Every structure is written in C-alpha cells, then in structure tokens.
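Worksheet: the structure to be examined is printed underneath.
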2 protein chains.
Amino acid sequence: MLKNSEFVSKLRNSGLRPTKQRLKICEVLFNRDKTFHFTINDLAKNISKNFNEKISLATIYNTVHAFKDKGYLKEITISSDKSYFDTNITKHHHFYDEDTNLLIDCNDNEIGKVNIKNNITGKKISSVEVLVRVASDNQNQN
Amino acid sequence: MLKNSEFVSKLRNSGLRPTKQRLKICEVLFNRDKTFHFTINDLAKNISKNFNEKISLATIYNTVHAFKDKGYLKEITISSDKSYFDTNITKHHHFYDEDTNLLIDCNDNEIGKVNIKNNITGKKISSVEVLVRVASDNQNQN
DNA sequence: CATTTAGTTTAGAACTATTATAAATTAGTT
DNA sequence: AACTAATTTATAATAGTTCTAAACTAAATG
C-alpha cells in the first residue's frame with residue numbers, strides 16, 4: 001500500500017498503464033527489503049494464496065515480460081524447463097544449489113571480475129554471467 | 001564406419017548396449033574433427049536427412065540423456081525454450097551470439113580463470129560456467 | 001543354437017511451460 | 001458521457017519433453 005504511488009509513476013514512466021493487476025504484482029515483487037528469485041509459477045501461487053483477487057496466468061506472463069523488457073526484472077536461465085526471474089537487476093552472478101534447486105546471489109567479494117580478453121569481432125558484449133553450480137559434499141559417495 | 005568398434009566399447013564400458021541406433025548417434029556426434037553444439041531437434045533432423053533409417057524422437061532423447069549422464073555430452077542452458085548440448089566435454093565457457101542464436105566456445109585465452117573467493121558452506125562446486133552474450137554493435141541504434 | 005530375460009526402441013499419448021486469440025473490460029482522452 | 005486504445009481474461013494452441021506399454025533385440029543361459 002505504502003509505495004503505491006511510486007509504482008504508479010514507475011509504470012507510467014515506462015509507458016505501462018498502472019492497472020490494478022500490475023500494481024498488485026509490483027507490490028508482491030518490489031515492496032520488500034530484499035531482492036529475490038521466482039518462477040512464474042511461484043508468483044502466480046503467491047498472488048492467489050496471499051490475496052483474494054486472482055490474476056490470470058496470461059496477465060502474469062505479460063506483466064513479468066513487460067517488466068523484464070523495461071529492465072525491472074532480470075531473467076536467469078538455469079535449466080531449460082523453467083524460467084527464473086530476479087528482482088535484483090544489478091550486475092551479479094549466481095550460485096545454484098543442485099540439492100535444493102535454489103538460486104543464491106553472489107556478491108562481488110565472492111566472485112572476482114571475469115576477465116574477457118578477446119571478444120567476437122564486430123560484436124558488443126551485452127552481458128557476462130557466471131553460474132556456479134554447487135551440491136552437497138557427500139553427493140557422489142554411493 | 002571407421003571408429004565403430006571404439007563406439008561399441010565406449011558404450012559397453014558405461015553399461016549401455018551398443019544398439020544400431022546408439023551407434024548411429026555416436027557416429028553423427030563423435031565421428032568428427034571438431035566438437036559442436038546441437039539441439040535435440042538439430043540432431044533428429046540431421047539423422048533423418050543424412051541417413052535412410054529413422055530413429056524415433058524418444059530414442060534420440062533417451063540416448064542424448066544417457067550420453068549426458070555418462071559424461072559424453074554437456075548440456076548448456078542459454079534460454080528456457082531449448083536445450084543445447086555440446087560434444088566438447090572439457091571445461092570451457094561460451095559466447096552466445098544473440099543475433100544468430102549461435103553458441104561459440106571460448107578458449108582459455110579468451111576468458112581468464114574465474115576466481116571464486118567464497119563458496120557456500122558445506123557445498124562442493126560442481127561446475128563454473130560463464131556465458132557471455134554478444135550482439136551486433138549497431139543493435140540499439142533505432 | 002533354441003530359449004529366456006532384461007534392456008531398448010517405438011509411436012503415440014500425456015504433460016508442462018509458454019504464447020496466441022479474440023471477446024470483454026478498463027483506463028485515459030476528448 | 002462517449003470514445004479510443006490498452007489491458008485483462010479464459011481458453012485454445014503450440015513446442016519441447018517425458019511417459020507408456022507393446023514390439024523388438026541383444027546378451028545370457030541351458
């Protein structure tokens with residue numbers, strides 16, 4: 001409720017009408033202390049459980065993609081069967097815990113700067129992303 | 001044809017029966033000078049176009065996954081709508097050309113070693129992968 | 001070498017995530 | 001208040017992948 005007017009201008013500034021549904025999604029995604037990771041499914045469940053109103057799946061897809069296109073969300077690809085989104089839009093890398101299927105942000109003191117010595121000729125680098133997969137120490141002890 | 005016996009022992013050694021279909025897939029994937037990237041769809045088309053016999057899609061999925069599990073292939077996740085596989089199973093990173101949707105291997109002189117200073121407690125690193133997305137220089141000039 | 005059995009292949013159904021569609025609704029404008 | 005264009009919605013459609021159960025085949029056994 002608090003930051004509602006912020007969300008309204010955020011949406012207006014990027015040419016998106018501040019509809020009831022989009023504001024609700026903003027509230028769920030951005031009215032928090034910490035950033036987090038989610039799948040479309042997570043978000044849909046979250047909304048339908050914690051609020052009376054239902055937002056259609058199509059709208060959730062549309063909105064998440066619109067937010068991604070406007071730079072309010074980052075998409076992270078870990079596995080081909082699901083898309084993860086991140087409300088942390090700063091440049092950063094990830095740990096992926098294969099035991100729990102949980103994504104964890106890396107801070108700069110965890111992964112040093114990636115040194116790209118040679119880029120493809122005529123191309124511009126649009127992003128550099130490191131994914132560190134981790135698993136329980138005693139994984140392969142069978 | 002040449003390396004057929006190698007494939008037979010490769011398969012036997014990992015507990016997979018050397019069937020006609022698996023040997024054909026081995027031939028297509030591994031009887032080459034250079035490693036390459038492919039999707040299941042690519043592979044299925046390749047087989048049906050270049051050979052008389054057809055291998056069922058289910059078998060292609062089964063075999064590719066078996067090969068992946070045995071460490072003969074690496075899976076690379078770039079986008080959530082498709083799985084890419086790599087016959088280069090050495091540790092290496094990738095460029096992804098967003099204009100052409102093509103994956104390109106990085107050699108060690110293109111990306112320096114990634115320095116992971118802090119790992120998650122109690123976990124072992126199972127892989128470290130860097131994906132450098134690149135796009136045409138004049139991408140955003142509209 | 002015939003028989004058995006366990007693994008493999010297959011076509012097609014089923015499933016899951018995502019996108020498209022077209023009608024109903026809503027926001028913002030005139 | 002009426003109009004226009006954007007948005008939402010339920011549902012259908014699509015694409016990639018996995019499941020299923022019957023048919024087939026490789027290897028093991030007698």
Side-chain angles (χ1 to χ4, degrees), chain A residues 4-5 7-28 37-48 51-70 72-73 75-85 101, chain B residues 4-5 7-28 37-48 51-70 72-73 75-85 101:
Chain A
N4 213 294
S5 65
F7 296 142
V8 171
S9 24
K10 184 172 184 166
L11 291 170
R12 280 238 168 71
N13 289 339
S14 46
L16 298 171
R17 283 189 182 169
T19 62
K20 204 173 46 151
Q21 291 86 343
R22 286 175 179 164
L23 288 169
K24 178 61 64 188
I25 291 174
C26 276
E27 199 189 320
V28 172
H37 305 106
F38 65 95
T39 65
I40 296 277
N41 207 357
D42 294 339
L43 180 57
K45 274 188 196 158
N46 186 333
I47 290 169
S48 74
F51 301 93
N52 286 351
E53 64 196 300
K54 274 166 207 131
I55 301 181
S56 132
L57 236 201
T59 301
I60 295 179
Y61 272 98
N62 287 343
T63 304
V64 166
H65 285 141
F67 285 5
K68 185 199 155 192
D69 293 343
K70 298 299 179 184
Y72 301 154
L73 291 172
E75 188 167 8
I76 303 162
T77 311
I78 277 112
S79 70
S80 51
D81 62 340
K82 244 178 235 159
S83 261
Y84 288 76
F85 293 88
N101 290 336
Chain B
N4 212 295
S5 65
F7 296 143
V8 170
S9 26
K10 185 173 185 166
L11 291 170
R12 278 239 170 71
N13 288 338
S14 46
L16 297 171
R17 284 190 183 171
T19 63
K20 203 174 49 150
Q21 293 85 345
R22 286 174 179 163
L23 288 170
K24 177 62 64 188
I25 292 174
C26 276
E27 198 189 322
V28 172
H37 306 105
F38 65 94
T39 65
I40 297 277
N41 207 356
D42 294 339
L43 180 57
K45 275 188 196 161
N46 186 331
I47 290 169
S48 73
F51 301 93
N52 286 351
E53 65 197 300
K54 275 165 205 132
I55 300 181
S56 130
L57 237 200
T59 301
I60 295 178
Y61 272 98
N62 288 342
T63 304
V64 166
H65 285 141
F67 285 5
K68 185 198 154 192
D69 292 344
K70 298 300 178 182
Y72 301 155
L73 290 172
E75 188 166 9
I76 302 162
T77 310
I78 279 112
S79 70
S80 51
D81 61 340
K82 242 178 235 159
S83 262
Y84 287 77
F85 293 88
N101 291 334

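Remember, it's a predicted structure, so these values are computed and weren't measured experimentally. By convention in this document, chain letters (A, B, ...) are assigned in the order of the sequence lines, proteins followed by strands, and residues within each chain are numbered from 1.
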Gap between atom CG of A/Asn101 and atom OH of A/Tyr84 - 0.5 Å precision
5.0 Å
Determine whether B/Phe38 and B/Asn46 make a side-chain contact, defined as any pair of heavy atoms from C-beta on separated by less than 4.5 Å.
no
A/Leu16 CG to D/dA6 P, straight-line distance once rounded to whole Å:
12 Å
Exercise: do B/Asn62 and B/Thr59 side chains pair donor with acceptor under 3.5 Å:
no
Side-chain contact, heavy-atom cut-off 4.5 Å: B/Phe85 with B/Asp42?
no
Close side-chain approach of A/Thr77 to B/Ile78, heavy-atom, < 4.5 Å
no
Find the distance A/Ile60:CD1 to D/dT9:P and express it as a whole number of Å.
9 Å
B/S/- contact track for nucleotides 17-29 of chain D, protein heavy atom under 4.0 Å
BBB------BS--
Give, for atom NZ of B/Lys10 and atom CG of B/Asn4, the distance between the pair rounded to the nearest 0.5 Å.
12.5 Å
CZ of B/Phe67 to CG of B/Leu11, rounded to nearest 0.5 Å, is 5.0 Å
Could you report the tightest heavy-atom contact between B/Gln21 and B/Ile55, atom names first, then the distance?
O-CD1, 3.7 Å
I'd like the 5' and 3' limits of the part of DNA chain C contacted by chain B, with heavy-atom contacts below 4.0 Å.
C/dA6 to C/dA11
